[in-house]
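Remarks on the structure that follows.
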Amino acid sequence: GADGHLKIADFGVSYIQNSNSIDEGPKTFVGTEVYMAPEIINEAIKLQRAAGKQVRKARSSYGCRVDWWSFGIVFYEIITARHPFLSRDRLKTIRRIIKYYKPNISKISKEAGRLVLGLLRREPDRRYGFSQIKTHPYFEGFDWKALEEYTMKIPDELLPVNLVKI
């Protein structure tokens, strides 16, 4: 925003959750494949095979764990400037997402690598959520309260040029 705080949103695929359950959510297949959690892709593939055509509705809903997967991909892209599973071949990218394929973490810090691997766990029940992120060593010393209250000082080098005081 104009105050220097980064806000990530994709309102084309947003969903208002009326429950505190992390396992409840939409029952549609929407979004960009390369950011979808493996459980969504796997269900879409299974239903398409059974129906013999493309499907848009899922049998079961999925909760916020799929968002932490997507956050893991964006986080990896921010620190490496690469997508963790991307290939020139769309089907190979999808296979990398749903099969055993670990992103290359050899060129990032140990803490960042562990965070990435925790966010990109294929088993939703084992995937990191907000409580694990807040207490992760990568964020040691991070002032979550200041972030939540918009009182955190944003470094000048991260502000848009027109907001930096000269």
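If you're wondering where the values come from, they're calculated on a predicted model, not measured in any experiment.
The local environment of CZ in Arg121 is crowded, with over 12 non-hydrogen atoms from other residues, nucleotides or ligands closer than 6.0 Å. Around the CD atom of Glu149, the shell of radius 6.0 Å holds more than 12 heavy atoms that belong to other residues, nucleotides or ligands.
In this structure, CD1 in Ile105 is found 7.5 Å from NZ in Lys102, a value given to the nearest 0.5 Å.
Taking the six-membered ring where the residue is Trp, the centroids of His83 and Tyr76 are separated by 6.0 Å or more. For Trp69 and Phe71, the gap between ring centers reaches or exceeds 6.0 Å.
Nearest approach of Asn104 to Ser106, heavy atoms of both residues: OD1-OG, 2.7 Å.
Between Trp68 and Phe130, the two ring planes are parallel [angle under 30°; tilted spans 30° to 60°].
Remark: the backbone N or O of Ile40 is not paired with any side-chain donor or acceptor of Glu43 at under 3.5 angstrom. A donor-acceptor pair under 3.5 Å links the side-chain atoms of Thr135 to the main chain of Ser131, judged by distance alone. Within the 3.5 Å criterion, the main-chain N or O of Tyr35 finds a donor-acceptor partner in the side chain of Ser70.
Proximity of Tyr138 to Arg114: side-chain heavy atoms (C-beta onward) are nowhere separated by under 4.5 Å. Residues Pro137 and Leu115 fail the side-chain proximity criterion, which asks for heavy atoms closer than 4.5 Å. For the pair Glu77 and Arg82, the minimum side-chain heavy-atom distance is 4.5 Å or more. You'll find the side chain of Glu39 stays beyond 4.5 Å of the side chain of Arg122, heavy atoms only. Counting heavy atoms from C-beta on, the side chains of Ile94 and Phe85 never come closer than 4.5 Å. Counting only heavy atoms from C-beta outward, the side chains of Ile41 and Pro38 never approach each other to under 4.5 Å. Within the 4.5 Å cutoff, side-chain heavy atoms of Ile133 are placed close to those of Trp144.
Of the candidates Ile73, Ile97, Val116, Leu119, Pro84 forms a side chain to side chain contact (heavy atoms under 4.5 Å, CB included) with just one, namely Ile73.
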Inset, instruction - Report the C-alpha distance between Phe142 and His136 in whole Å, list the side-chain angles of each, state the deciding distance to 0.1 Å, and finish with yes or no for side chain to side chain contact (heavy atoms under 4.5 Å, CB included). - result: CA-CA 10 Å; Phe142 191 83; His136 196 276; over 6 Å; no
Inset, instruction - Apply the test side chain to side chain contact (heavy atoms under 4.5 Å, CB included) to residues Lys92 and Arg96: give CA-CA distance (whole Å), side-chain angles for both, the deciding distance (0.1 Å), then the verdict. - result: CA-CA 6 Å; Lys92 188 173 183 178; Arg96 286 178 173 183; 3.5 Å; yes
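No side-chain N or O of Asp89 forms a donor-acceptor pair with one of Ser87 less than 3.5 Å apart.
No salt bridge links Arg65 with Glu123; every basic N to acidic carboxylate O contact stays at or beyond 4.0 Å.
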